[in-house]
Number of protein chains: 2
Amino acid sequence: MRNLDAHEDYKVDSQHLAKSLRELAGNFPRPKEEYAAPYGVVGYGEAWWPAELAHLWIPRLMTEGGTQFVLQGGLDLGAAAGAASAAEASGARVVRIGFGGKVDVSIEPYPLSPYQYLRFLQEATGESEAGRRVDAAIELLAVELAPEIRTEDNPAKFFAWSLVERIPVWVVSERYVWLAAALQQTFARVAGSLSVAPPPGSLEFFITALEARHEQGDPLAAVVVGDDECTRLAVEILESRVDTVLELPRLPAEGLIPEMLAAWYFVAWAAYYLAILYGRDPADAEVLARLREEA
Amino acid sequence: MRNLDAHEDYKVDSQHLAKSLRELAGNFPRPKEEYAAPYGVVGYGEAWWPAELAHLWIPRLMTEGGTQFVLQGGLDLGAAAGAASAAEASGARVVRIGFGGKVDVSIEPYPLSPYQYLRFLQEATGESEAGRRVDAAIELLAVELAPEIRTEDNPAKFFAWSLVERIPVWVVSERYVWLAAALQQTFARVAGSLSVAPPPGSLEFFITALEARHEQGDPLAAVVVGDDECTRLAVEILESRVDTVLELPRLPAEGLIPEMLAAWYFVAWAAYYLAILYGRDPADAEVLARLREEA
């Protein structure tokens, strides 16, 4: 029987994802030159979220002068290449980041790559102070959530146990743009499991979506990130309709982007432990590599 | 036993949603004056999707001159009011559409209201030609999908039967921005049921999210909208992992927005019939009205 506190449990982790999680803070490509403003950012495949995050300080998708960042996260059926050509025609300097053809800055496909795209962009566009706050939060959590911290003291392990054979429903503060979908993506990549991100206007979704079926015993777990009027109302609505409500602990992060990255990093650890409990390799490399050859 | 072809089945439809569906084409508030360009559009609550659709021809969220449309779809904890004040301070003429305080154009809360917001915006900003194509598609479908068309000839009834006690996973062509989340919203409002919209980068989600649990028998149905390389690959991936794959029939629509609205309208009918099969009132009025008093 697995218990998450025994060394043998972790043998299934063929790519040492725990090591990558633990050493994540600071592990990203540094810009080696200056990039001229104005900036534009578009992101594809696994890099869609860092592009959305960057729009919190870079308001343009495409720019006609300055620097156009194209985050090339694969599986996009040519969309990134199309965006890069369009930008070149418009006179911007195009910087391609990611993997596949012709990248200027290489980031390998990887469930934790959103962190790397984000940190590169922060350093390249004058946001390194916010970047340092992201790293500070992740460094603190890396110690608290590591495998050697036993289940009774490790909230990520507790979350994993609570999510076994359940489908998480992400209940996220309205301030955290796109975070629910990012958690859905990473939970799929690492835990190999399905979860539900609500559409915008999440309150009306929560109150209506479980009307007809809520006595049919879908094994749902509401996972709450952030504490505001919206999440409090959502919890009131969901309490009687899901198996369990889990609230993320208060995380040691300051500022909007650091808070989101800290929540994402917490969920990545919880997903990691859930994969271990399922006896599943938390590396997703093989199946996606095959698909990447096709798409 | 309900069969969708008997008059008695429909008694549960207390608000006559079938009539509203049937008479939807053309049922929207007409602009009574000219609105000066440039335009900006933001949308909240149930009106988030028409704002995203409008961004296909109106690239700005907020504008400093011209006309700022604020779609006030409720349940936004004051966000629409905040956007309206910000726009007024910046010198734009603010036009508030929807319900709640101080609206200029009234649209009642209603599961089919996305159509009404969209059509108003199209007429108000010089897009009435695309609007006519939306209406033409919906008019044709209104005849084909109506309750008096028996199950063997009515694909919306067939979809409803196929979705009983299953959770739809929306597999949507990458061209159809935000459509998966819009279907998730409307399916919740009308059928009272849960469904799953993938995050952006949907191919990697489909291939990873069902790894660990796909032998556990979650009763999933992939619902496919549009036919392109992305949906074809998704179907290949999902075929062995879900209970059933349902492809929307080819719909009689021309152009991006008409195609999306036609798909949405088809799913609204399917959700309506599913509510009838569950014996659930497809009107969602009561529970949302209570929530609106709080939020």
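A, B, ... follow the sequence lines: proteins, then strands. Residue 1 opens every chain.
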Measuring from B:Ile207:CD1 to A:Arg189:CZ, what's the distance to the nearest 0.5 Å? 10.5 Å
Indicate the atoms forming the closest heavy-atom contact of A:Val196 with B:Ser195, along with that distance. CG1-O, 4.0 Å
Nearest 0.5 Å, please: how far is CG in A:Asp281 from CD in B:Glu211? 10.0 Å
Segment of B:Ala191 engaging chain A (4.5 angstrom heavy-atom cut-off): backbone
Note, A:Leu194 side chain near B:Phe205 side chain (heavy atom, < 4.5 Å): yes
Check whether A:Ser202 gets within reach of chain B through its side chain, its backbone, both or neither, counting any heavy atom under 4.5 Å. neither
Just so I understand: if I count every heavy-atom pair under 4.5 Å between each of B:Glu174, B:Glu204, B:Glu52 and chain A, which residue has the most? B:Glu204
Would a distance-only check, ignoring hydrogens and angles, find a side-chain to backbone donor-acceptor pair under 3.5 Å from A:Trp48 to B:Pro200? yes
Short question: side chain of A:Gln184, backbone of B:Ala197 - any donor-acceptor pair under 3.5 Å? yes
Where on A:Trp49 is there a heavy atom nearer than 4.5 Å to chain B: the side chain, the backbone, both, or neither? neither
Most chain B-contacting option - heavy-atom pairs closer than 4.5 Å, from A:Pro198, A:Ala180, A:Gly43: A:Pro198
Which atoms of A:Ala275 are under 4.5 Å from chain B, going by heavy atoms: the side chain, the backbone, both sets, or neither? neither
Given a strict heavy-atom distance threshold of 4.5 Å, which part of A:Ile237 is in contact with chain B: side chain, backbone, both, or neither? side chain
